[in-house]
Number of protein chains: 2
Amino acid sequence: MTDVGQRPQRRSDALTKAGIVDAAIEILDDGGAGALTFRALAAHLATGAGALYHHVANKGVLLSTAASAAMTEVLAAAGSADPAASIRSVTVGVFDAITARPWLGSQLVAAPWQPAVLQLFDRLGSDVTALGVPEPAQFDAASALVHHVLGVASQYDAGQGLDPAGGGRSGVIASSASPLVRPDGGRYPFLVRIEQQLVDHDDRQQFEAGIEIILTGLGALRRGAATGEDTDRGTGS
Amino acid sequence: MTDVGQRPQRRSDALTKAGIVDAAIEILDDGGAGALTFRALAAHLATGAGALYHHVANKGVLLSTAASAAMTEVLAAAGSADPAASIRSVTVGVFDAITARPWLGSQLVAAPWQPAVLQLFDRLGSDVTALGVPEPAQFDAASALVHHVLGVASQYDAGQGLDPAGGGRSGVIASSASPLVRPDGGRYPFLVRIEQQLVDHDDRQQFEAGIEIILTGLGALRRGAATGEDTDRGTGS
DNA sequence: ACCTGAACACCGTTCAAGT
DNA sequence: ACCTGAACACCGTTCAAGT
């Protein structure tokens with residue numbers, strides 16, 4: 001976002017893990033996940049590649065630390081007193097962050113149970129609890145919400161290095177001709193039928209619709225607590 | 001599954017794309033995503049690495065073709081006359097395939113809108129239609145189901161090459177001490193509270209619970225078709 | 001046309017050598 | 001202790017040369 005590629009000369013202050021992660025995020029925001037290499041990062045910080053290993057163990061922790069920092073930002077900005085509104089605010093906040101920073105989406109789905117995912121899980125777990133979902137179902141409920149977010153995240157990590165057939169939700173699929181033909185030469189009957197929606201739809205709106213579907217499902221879960229103690233107050237905290 | 005590393009000598013028949021993909025799947029099943037390199041694949045087929053490029057454009061299409069083949073298997077084996085049962089059968093079928101072949105999970109979340117995902121999307125879209133979800137909501141409904149599957153897929157791709165903090169759903173998190181401490185030193189109140197469930201829970205069962213939550217939400221969607229034509233028969237196909 | 005395999009342009013990571 | 005930067009062990013991909 002800010003200035004990148006500037007000042008590749010000076011190196012007065014000592015290296016810090018925080019400083020390295022900040023620089024990494026700058027590179028990620030500016031050039032995407034593919035732009036982050038230890039050589040580029042070292043050049044950006046005017047140091048040698050090996051120096052970085054004194055502060056971060058490897059590229060994995062660098063990326064998961066960056067993702068965790070981004071998630072902390074999102075969670076700090078989102079929330080509401082009403083549990084359902086809070087769930088909407090948090091999940092949409094993550095969605096917006098992922099569209100603004102595709103590297104975040106890639107990283108969230110790349111490493112299971114990394115800090116950023118745990119942070120999100122914990123927050124949604126608290127919201128789900130406040131929503132009145134009974135204890136035994138809270139874990140499943142939070143899971144469903146996290147999976148929805150991660151599923152969407154996985155659709156936004158393009159750019160990277162693999163399938164050249166990818167390239168953008170609308171563009172590739174909507175272009176009518178070849179992409180709607182299966183590898184075996186068959187067709188996709190459902191996708192062909194709703195093709196116009198594929199072209200016209202708004203990803204963010206569709207994401208929100210998915211959250212509403214889950215919230216509706218959770219509402220039924222809340223009411224139908226067949227096994228439960230009748231009101232369950234007193235577990236404190 | 002079968003024999004790997006055998007017969008690295010003979011090469012009588014000509015190379016085929018299908019044969020290359022089959023060999024790739026064998027390597028993936030046997031050694032995981034990290035084991036598939038063009039050098040290993042060439043050795044397995046007793047040919048040179050460059051020869052492979054006469055049949056597959058790059059590693060991306062190799063992986064997405066392999067994933068598509070695996071998805072075709074799953075979809076052929078799954079299904080039911082009852083729409084809801086079919087959705088359960090298809091999604092659980094994909095879940096089982098992902099746990100059996102972690103490389104499939106990695107690949108599904110690595111490339112957006114690849115053939116394997118389109119196949120799944122199309123199938124779930126048809127099921128959702130048969131379930132009675134009204135036309136304008138069918139796309140959102142199928143999306144929600146696909147995202148749930150992909151979200152789970154993203155939690156299974158460990159093994160690979162990044163965060164060494166990962167390592168297994170139960171093991172890492174459940175070990176009580178450090179993993180439940182946030183990067184900023186704080187704690188995860190929700191996760192700490194349900195820690196025992198984290199240890200005890202069954203991933204497959206939790207996946208099914210998520211599908212049930214979504215199915216419940218879809219049920220409400222089906223009833224509340226406020227905009228709709230009253231019965232909507234006749235769109236044929 | 002298909003195949004070969006050395007070569008190219010990268011990676012992440014290590015490590016002797018400096019300060 | 002921290003930093004340097006060349007070197008190592010890989011990658012995916014290309015391409016002259018063979019058949």
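Protein chains get the first letters and strands the later ones, always in sequence-line order, with residue 1 at the start of each.
Going from atom CG of L62(B) over to atom C1' of dC11(D) covers 15 Å, rounded to whole Å. One atom, CG of L52(B), and another, C1' of dC3(C), lie 10 Å apart when rounded to the nearest Å. Atom OH of Y53(A) is separated from atom P of dA1(D) by 21 Å (rounded to the nearest Å). A straight line from CG of L41(A) to P of dC3(D) spans 13 Å, rounded to a whole angstrom. Nucleotide dC15(D) holds its P atom 12 Å from the NE2 atom of H54(B), rounded to whole Å. Spacing between atom CD1 of I20(B) and atom P of dT13(D) amounts to 13 Å, rounded to whole angstrom units. Distance, L36(A) CG to dC11(C) C1': 12 Å, rounded to whole Å. Rounded to whole Å, the distance from CG on L15(B) to P on dC2(C) is 10 Å.
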message = Go through it in stages, so that I can follow the logic: the residues are H148(B) and T91(B), the test is side-chain contact (heavy atoms from CB on, under 4.5 Å), and I'd like the CA-CA distance, side-chain angles, deciding distance and then a yes or no.
response = CA-CA 9 Å; H148(B) 188 72; T91(B) 53; over 6 Å; no

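Out of dC11(D), dT13(C), dC3(D), the shortest distance to the side chain of K59(A) is found at dT13(C). The side chain of R39(B) has dC8(C) as its nearest neighbour among dC3(C), dC8(C), dC3(D). Residue A14(B) has its side chain nearest to dC3(C) when only dT13(C), dC3(C), dT13(D) are considered. For N58(B), the listed nucleotide lying nearest its side chain is dT13(D); candidates were dT13(C), dT13(D), dC3(C). Closest to the side chain of A51(B), from the set dG12(C), dC3(C), dC3(D), is dC3(C).
R187(B) contributes no side-chain N or O that, together with a main-chain N or O of V192(B), makes up a donor-acceptor pair within less than 3.5 Å.
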ask   = Dot-bracket for DNA chain C: what is it, with Watson-Crick or G-U pairs under 3.5 Å, [ ] where a pair crosses earlier ones, and | for a pair to another strand?
value = ||.|||||...|||||.||

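Using a 30° and 60° split on the angle between ring planes, H201(B) and F139(A) fall in the perpendicular class, above 60°.
If you look at F38(B) and Y53(B), their ring centroids are closer than 6.0 Å.
Nearest heavy atom pair, residue A66(B) against residue W103(B), reads O-CH2, 3.8 Å. Shown here for V90(A) and A78(A), the closest heavy-atom pair between the two residues is CA-CB, 3.8 Å.
Residues forming a salt bridge (Lys or Arg N to Asp or Glu O under 4.0 Å) with D96(B) (at least two apart in sequence, or on another chain): R204(B).
Remark: H55(B) is not in phosphate contact with dC2(C), judged by side-chain N or O atoms under 4.0 Å from OP1 or OP2.
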